Amino acid sequence: MPDPETPQAPLAQNPVTIARRQVEALIPPEKRGPGWDRHWRELEAYADAAMEGAVGDWTVNPPRG
């Protein structure tokens, strides 16, 4: 019987999510910085978009002025 606590892996799992789990297994929560979750969520979103075949430039250029 599968463990209900363990999320089931989709066929093409986000590589950033895999990396996050590996890193979080080594770094205790008290050692993580204030932007930890946001950093990982942003990277996961970029990887998800790439895996879905998103086309276009993902960079943000600051306004010149």
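What you see is a predicted model; the values in this text were computed from it and never measured.
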Colleague: Atom CZ in Arg41, atom OH in Tyr46: separation rounded to 0.5 Å?
Modeller: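 The distance works out to 13.0 Å.
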Colleague: Give every donor-acceptor pair under 3.5 Å between a side-chain atom in residues 23-31 and any protein atom, sequence neighbours left out.
Modeller:
residue	atom	partner	partner atom	Å
Glu24	OE2	Arg20	NE	2.9
Glu24	OE2	Arg20	NH2	3.4
Glu24	OE2	Trp36	NE1	2.7

Colleague: Donor-acceptor pair, distance only, cut-off 3.5 Å: does the side chain of Asn14 make one with the backbone of Glu44?
Modeller: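 Yes, the answer is positive, given that a donor and an acceptor are paired below the 3.5 Å cut-off.
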